[in-house]
Amino acid sequence: MLWVFSHYSYHSSEEINLLFQEMFSDSDIAKSFKCGEKKTAYIASYGLAPFFKNQIITTLNNMSMPYFVHMFDESLCDSTHSKQMDCHVRFWDNIQKCVITRYLGAQFMGHGNAGKLLEHFVESLKGLKQKNILQISMDGPNVNWKFYRDMCRELFDDPGGPKPVELGSCGLHIVHGAFKYGCTASEWDLKSVLWSMYQLLKDSPARREDYESITSSTMYPLKFCAHRWVENVTVAQRAIDVLPAMKVYVDTLIKEKRQPKNNKLFSTVKEAVNDVLFYAKLHFFLSVAKQFQEFLKVYQTDRPMVPFLRRDLDFLLRGLMKRCIASDVLEKATSTLKLTKISVSQEDNLLNYKKVDVGFQADKELKTLVVTKQISEREYLQFRMSCKKFLVKCVEKLLDKSPLSYSFVRSASAFDPNFMVSNQEESLAKLKRAVSVLNNCNRVADNDCDDVIWQYQHFVDNVVKTNEMEFRNFSHKNENLRLDNFFVKFIDGQDEYNKLWTVIKMVLVLSHGQATVERGFSINKQVLEVNMQRKSLEAQRIICDEILYRGGILKVPNTKPLLLAVSASRSKYQQDLERKREEKTRGEKKGNPRGTGQGASN
């Protein structure tokens, strides 16, 4: 486990027995100990990983609250030259009494169409009770939605059987995508400019020496992140800070005729530093990015967040709309549902370009340029129109893809502690709608609905009111506070709220986004080695996940079943080798020199 968790190669365990024999020269155990590359590999792939995975499957199949969320996403695996679909499960842990997310395994594929996704998705569920899937958490490309529809038809075709609760695709991806969509609509091409500023001085000792000698500055542009646009807040701020030095650097090279010839990076930077509106563009970009970033920072977490999703998305959406939508239109949107019905395609709903909020710093810069006559009236108009288009496209994308369009997301606020205190009547109405959705998905029985509603009313009257300050002061933005731990303190183990507690746990288990899966891709890069086989890669991820779940290697229980699994790993490895040889022989007999076992070796 240490070898895997520390990301050592299997080969690094070669001759470790000689080291132990030298360290413990009087030990008979050290003299007989052997562990090389192959043994380390098969213990991980055929012993530890299958044992830990079976533990997760057994836990999921025997939970008192049996529902779980299946989370998946795909990325390119450089080692296997295939798409790797990482699968996670999110469920209520009866031991820790909180929501946890565990790595279930990986599926490898070539084509990523809906049919292949469904095939590998079903394979990832082997050993699990498929009807216990409470939600499918995924990002939102069209192929995933085609897969989702096909999956519902195949796995949840029974009209009277349970169905997944729909919350839309990953809210984090949607918010990122909306910001990127707005940036592109402005046609400023800030991506190319910020990327060029960084690349121009990167890995070029001569240019960096010239830059420092000309500008007397050691502050450099930061790298633009093309995949997560909102992460470029610091990049844009650094660009603002280094822009005067960059202009001096560019102008000096041109004056001394030392500029790189036929260099696109230099040409892009030159055009930007000579654009009198570039400061204003960066400040506007920054002001909008900060609005998005506030939401994304809070939701990059594994903690239960669905009950707060409506409030925070409503706040983000209203904040953006106030900058480009007429105030009388917004005043009529007294609820989140009404807010999502506002059409940004109707010009009557939009502010005049002169009234669009471009942000304090951008507006200040713009006024200075107008007063000093550095820009014309036409350039002033075009800038504000571009800002308007930026904001409108952000809002349009959020309205089109936002989880707010799903009834359950809006209703889950019934389990927001702040909302339970401040809006008791409305929270009860939302609770009824949430129960209705769960009942339609056959997750709450008809006979239990009234009991859940009555228990909720009783809980609010007797627990929430008694502990009003604790409920009012609960902050989901505090990383040290978890909603599951908060509710456990007030409701766990109390029979009078047993049915309500089951519903609350279902809501807490629901996923608000793909943060866990995305972080898993970083772990993949840490464990990945050249030519690493698929089984080894998956095994290392499972082992690392188990160690992280336990809180360290020494906290993994050294049980008899674990020791038996390790001791049986060699025989399983040899059986697998024999199976592959037989498959290869059968393939050669059929005229395929590679054999049918080629994929199995991975």
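Residue indices begin at 1 and follow the sequence shown. Since the structure is predicted, the reported quantities are computational estimates derived from the model, not experimental observations.
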message: Can you confirm if the aromatic rings of F121 and H70 lie within a centre distance of less than 6.0 Å?
response: yes

task: Just do the ring-ring contact (aromatic ring centres under 6.0 Å, His included) check on F285 and F179 with the steps written out, would you?
output: CA-CA 10 Å; F285 174 95; F179 181 73; 5.3 Å; yes

Between [atom1] on residue [X] and [atom2] on residue [Y], distance to nearest 0.5 Å:
{"X": "Q293", "Y": "N232", "atom1": "CD", "atom2": "CG", "result": "10.0 Å"}
{"X": "E518", "Y": "M71", "atom1": "CD", "atom2": "CE", "result": "10.0 Å"}
{"X": "S407", "Y": "L167", "atom1": "OG", "atom2": "CG", "result": "10.0 Å"}
{"X": "L351", "Y": "K388", "atom1": "CG", "atom2": "NZ", "result": "7.5 Å"}
{"X": "R90", "Y": "L104", "atom1": "CZ", "atom2": "CG", "result": "15.5 Å"}
{"X": "F108", "Y": "E123", "atom1": "CZ", "atom2": "CD", "result": "12.5 Å"}

With distance as the sole test, does [X] use its side chain to make a donor-acceptor pair with the main-chain N or O of [Y] at under 3.5 Å?
{"X": "E365", "Y": "A362", "answer": "no"}
{"X": "D545", "Y": "Y103", "answer": "yes"}
{"X": "Q84", "Y": "S75", "answer": "no"}
{"X": "N144", "Y": "D139", "answer": "yes"}
{"X": "R303", "Y": "R482", "answer": "no"}
{"X": "Y181", "Y": "L398", "answer": "no"}
{"X": "D312", "Y": "F295", "answer": "no"}
{"X": "S204", "Y": "L200", "answer": "no"}

Do [X] and [Y] have side-chain atoms, one donor and one acceptor, less than 3.5 Å apart?
{"X": "K180", "Y": "T184", "answer": "no"}
{"X": "N418", "Y": "H476", "answer": "no"}
{"X": "Q291", "Y": "R323", "answer": "yes"}
{"X": "D302", "Y": "T101", "answer": "no"}
{"X": "E479", "Y": "T301", "answer": "no"}

task: Output, in order, the C-alpha distance, side-chain angles, deciding distance and verdict of side chain to side chain contact (heavy atoms under 4.5 Å, CB included) for S169 and W145.
output: CA-CA 9 Å; S169 59; W145 284 113; 3.9 Å; yes

task: Determine the sole option in T215, T252, N274 for which the side-chain hydrogen bond (donor to acceptor under 3.5 Å, both in side chains) test with K247 is passed.
output: N274

Contact between [X] and [Y] at the side-chain level, heavy atoms closer than 4.5 Å - yes or no?
{"X": "F284", "Y": "K281", "value": "no"}
{"X": "D86", "Y": "R541", "value": "yes"}
{"X": "D210", "Y": "R207", "value": "no"}
{"X": "S186", "Y": "K393", "value": "no"}
{"X": "L317", "Y": "L399", "value": "yes"}
{"X": "Q135", "Y": "F68", "value": "no"}
{"X": "R384", "Y": "L366", "value": "yes"}
{"X": "L286", "Y": "L282", "value": "no"}

[X]/[Y] ion pair, N-O < 4.0 Å:
{"X": "D328", "Y": "K332", "value": "no"}
{"X": "K270", "Y": "D251", "value": "no"}
{"X": "D416", "Y": "R311", "value": "yes"}
{"X": "R102", "Y": "E546", "value": "yes"}

With a 6.0 Å cut-off (strictly less than), is the heavy-atom count around [atom1] of [X], excluding the residue itself, greater than 12?
{"X": "E209", "atom1": "CD", "value": "no"}
{"X": "R378", "atom1": "CZ", "value": "no"}
{"X": "E271", "atom1": "CD", "value": "no"}

query: Parallel, tilted or perpendicular: which describes the rings of F383 and W188, with under 30° parallel and over 60° perpendicular?
result: parallel

field: Y353 and Y380 aromatic ring geometry - parallel, tilted or perpendicular at 30°/60° bounds
entry: perpendicular

- line: Nearest heavy-atom contact between S217 and Y211 is O-CE2, 3.7 Å

message: Please find the pair of heavy atoms, one from A185 and one from K389, that lie closest to each other, and give the distance.
response: O-CD, 3.0 Å

- prompt: Checking R310 against F419: charged group under 6.0 Å from the ring centre and within 45 degrees of the axis?
  reply: yes

query: Should D400 and K397 be marked as a salt bridge (charged side-chain N to carboxylate O under 4.0 Å, His left out) after you check the CA-CA gap, both sets of side-chain angles, and the distance that decides it?
result: CA-CA 5 Å; D400 182 42; K397 199 71 172 179; 5.1 Å; no

task: Please step through ring-ring contact (aromatic ring centres under 6.0 Å, His included) for the pair Y198 and Y220, ending with a clear verdict.
output: CA-CA 8 Å; Y198 170 74; Y220 289 91; 9.7 Å; no

- request: Go through the steps for K477 and E294 under the test salt bridge (charged side-chain N to carboxylate O under 4.0 Å, His left out), then give the verdict.
  value: CA-CA 10 Å; K477 295 182 180 180; E294 184 178 351; 3.5 Å; yes

message: Apply side chain to side chain donor-acceptor pair (under 3.5 Å) to residues K338 and T334 and explain how you reach the verdict.
response: CA-CA 7 Å; K338 290 180 180 178; T334 54; 3.3 Å; yes

task: Please step through ring-ring contact (aromatic ring centres under 6.0 Å, His included) for the pair F72 and F147, ending with a clear verdict.
output: CA-CA 12 Å; F72 76 89; F147 146 79; 5.3 Å; yes

message: As a quick check of understanding, evaluate side chain to side chain contact (heavy atoms under 4.5 Å, CB included) for I136 and M151, giving each step before the final call.
response: CA-CA 10 Å; I136 307 296; M151 183 272 303; 3.4 Å; yes

